[in-house]
Asker: 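This is the structure, below, for whatever I ask next.
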Amino acid sequence: MTQTTSTTVADPWTDPETSNKMAIKALILLLITFILGTLCLQGFNLVFSQVGEDVGAPAQASLITAFPSLVLGIVCFIYGSLGDFVSLKRLVVAGLVTLLVGSVFGFVANFFFTANIWTVIIARVLQTAGEQVAGSVFLVIATKYLKPSLKVVFFGLYTAAYQLSASIGVFAAGILSSIAWQYLFLIPVVTIFFLPTLLKNLPGRQGGNEHVDWIGFTIFGLASAFLTLFFSYMAWWMLAVAVALFAIFAVYIHKAANPFITPEFFKNTRWLAAISLILVFYFTNYCISPLFNAIGTSVYGMTTAQVSTYIVWAFVCAAVVGTSSGWIIGKIGRQPALITAACLMIAGFVAAALAVNAGFLALTLTACLFYCGVGLLYSPVVSTVIDTLPQEESGRGVGMNDLVMNVTASIGITVIGGLMGSQSLAGSSITGATGAAAGYANLLLIGGGVMLLGLIVFLLFRKKIYSQN
């Protein structure tokens with residue numbers, strides 16, 4: 001009886017060495033799951049215009065990326081927040097099952113039946129909601145259970161994995177676009193087989209409170225959804241609804257007994273200053289692939305498959321830099337690394353704007369420059385934001401990071417995608433480009449301007465952000 005009791009009570013996660021080893025085993029499989037899920041996201045991001053044409057809804061094509069991106073942000077926050085007090089095993093089971101359902105539904109509904117934009121969006125939303133469990137749990141595990149010396153390394157690997165999956169996704173989408181884009185849905189199905197091993201190497205309950213504030217999540221999610229829809233349809237009533245819902249949310253978190261996030265969270269001025277960096281820097285996160293695909297097809301007469309063979313190298317560069325980001329930060333520090341990343345992204349956008357008519361190889365080199373900055377950016381900016389919060393709020397901090405990152409990217413792709421489709425900026429550009437090329441050059445300059453704004457925000461707020469480090 002005594003032996004049984006001691007075996008039952010023993011928790012390997014209370015021992016730092018054991019928990020570190022188990023965390024690493026879980027992190028590897030979570031990383032693979034995250035790679036396969038993100039592969040789909042980036043693949044559809046490249047071909048959403050083609051999918052929109054195929055399903056007879058070209059004007060709403062950007063919603064194929066925007067809606068899943070919005071849902072990604074919301075579930076990131078839910079998963080990250082729940083990671084502070086709910087079993088990570090339960091989160092992983094729910095996530096991988098949802099990913100499987102979305103994958104199968106997306107393929108069957110759009111391959112064996114008439115493809116429809118809303119069946120595509122619903123399937124992508126389910127896939128996105130499911131796959132992000134891996135990314136969020138990865139970050140929670142890395143934040144809570146890894147040795148301090150390994151945290152920056154695994155943040156770098158996370159960045160590299162994201163960029164590696166993006167490169168594979170772009171390449172796969174390019175190939176499958178000439179066969180049947182519906183096959184993209186099936187790529188993450190294999191992840192369901194990781195479940196038994198993950199359950200052995202994940203911690204159970206994280207705390208005593210299993211209350212889930214679904215009312216708060218719903219209000220905030222609907223507010224974010226209407227804000228994104230406003231930028232797609234430019235219907236002012238949608239903006240009014242979004243503002244009203246955000247106001248209701250503000251009142252709710254002041255009145256509710258157990259809101260998922262408290263008003264005090266937003267009174268942390270260091271965190272507010274730090275999160276503003278993500279708000280600006282990630283606005284263009286999903287824009288480069290569709291922009292370059294549009295330039296390749298309309299300016300150079302290339303196919304999506306041909307474009308993907310060029311753009312894939314930009315994501316490879318990001319993966320290499322992301323893998324090395326921990327070492328780079330160790331050598332030069334977080335602040336210089338963040339400034340360097342911002343400068344690379346600015347240079348990439350501006351150089352691309354100047355090189356629109358210089359040949360697609362030259363454009364690819366500018367994309368490589370930009371994505372080197374993207375690969376370097378994630379680790380210093382995320383660790384900077386997380387360090388402004390106490391450890392007991394780290395899960396919610398991770399969740400809010402991902403929420404802001406994806407909501408701002410969702411709005412960004414909606415705005416840029418709408419401008420791409422309307423060709424409202426075509427005609428002339430200060431770069432000297434004319435016609436359709438001028439429109440793309442102007443969009444790239446806007447992207448560079450947004451990155452410059454991010455750098456200015458960082459330089460203005462960095463003393464405040466790092467005031468207690």
Side-chain angles (χ1 to χ4, degrees), residues 28-52 54-55 61 64-65 67-69 71-72 75-76 92-113 115 117 119-138 157-195 197-198 285-286 289-290 293 304-305 307-309 311-312 314-316 318-319 406:
I28 292 171
L29 288 182
L30 290 171
L31 202 60
I32 296 172
T33 303
F34 179 71
I35 287 173
L36 294 176
T38 306
L39 192 157
C40 273
L41 186 151
Q42 293 294 343
F44 276 100
N45 188 28
L46 178 70
V47 300
F48 74 76
S49 294
Q50 177 185 330
V51 176
D54 288 351
V55 300
I64 295 171
T65 293
F67 258 126
S69 300
V71 170
L72 179 61
V75 298
C76 280
V92 168
V93 170
L96 292 189
V97 170
T98 303
L99 175 59
L100 177 66
V101 171
S103 300
V104 174
F105 168 74
F107 178 74
V108 172
N110 294 286
F111 188 82
F112 294 104
F113 300 93
I117 190 168
T119 56
V120 173
I121 290 173
I122 291 169
R124 288 294 303 124
V125 162
L126 289 172
Q127 281 191 306
T128 302
E131 66 92 2
Q132 185 52 38
V133 70
S136 293
V137 172
F138 180 98
L157 287 175
Y158 184 82
T159 307
Y162 179 88
Q163 302 302 340
L164 176 63
S165 62
S167 64
I168 299 172
V170 166
F171 190 69
I175 295 173
L176 294 176
S177 65
S178 59
I179 305 172
W181 50 263
Q182 291 90 338
Y183 284 108
L184 277 172
F185 283 115
L186 294 179
I187 292 172
V189 168
V190 68
T191 58
I192 197 67
F193 296 109
F194 298 164
L195 197 53
T197 305
L198 282 170
N285 200 36
Y286 295 141
S289 290
N293 189 31
T304 298
V307 171
S308 69
T309 60
I311 299 301
V312 67
F315 290 103
V316 170
N406 287 286

Asker: What is the minimum heavy-atom distance between Ser289 and Phe315, and which atoms define it?
Answerer: OG-CZ, 3.3 Å
Asker: Step by step, work out the side chain to side chain contact (heavy atoms under 4.5 Å, CB included) result for Leu186 and Tyr183.
Answerer: CA-CA 6 Å; Leu186 294 179; Tyr183 284 108; 4.2 Å; yes
Asker: Measuring from Ile121:CD1 to Thr128:OG1, what's the distance to the nearest 0.5 Å?
Answerer: 11.0 Å
Asker: Cut-off 3.5 Å, no hydrogens considered: what does the side-chain donor-acceptor table look like for residues 99-113, sequence neighbours left out?
Answerer:
{"unit_1": "Ser103", "atom_1": "OG", "unit_2": "Leu99", "atom_2": "O", "d": "2.8"}
{"unit_1": "Ser103", "atom_1": "OG", "unit_2": "Gln127", "atom_2": "NE2", "d": "2.9"}
{"unit_1": "Ser103", "atom_1": "OG", "unit_2": "Phe185", "atom_2": "O", "d": "3.3"}
{"unit_1": "Asn110", "atom_1": "OD1", "unit_2": "Asn116", "atom_2": "N", "d": "3.3"}
{"unit_1": "Asn110", "atom_1": "OD1", "unit_2": "Thr119", "atom_2": "OG1", "d": "2.7"}
{"unit_1": "Asn110", "atom_1": "ND2", "unit_2": "Gly106", "atom_2": "O", "d": "2.9"}

Asker: Could I get the full list of side chain to side chain contact (heavy atoms under 4.5 Å, CB included) partners for Ile28, not counting sequence neighbours?
Answerer: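 Checked Ile28 against side chain to side chain contact (heavy atoms under 4.5 Å, CB included); matches are Ile24, Ile32.
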Asker: Identify the two heavy atoms, one from Leu96 and one from Ile192, that lie closest to each other, and give their separation to 0.1 Å.
Answerer: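 Scanning both residues, the minimum pair turns out to be O-CD1, 3.9 Å.
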Asker: For Leu184 versus Pro188, what's the shortest heavy-atom pair and its separation?
Answerer: O-CD, 4.2 Å
Asker: For Val55 versus Ala115, what's the shortest heavy-atom pair and its separation?
Answerer: CG1-CB, 3.7 Å
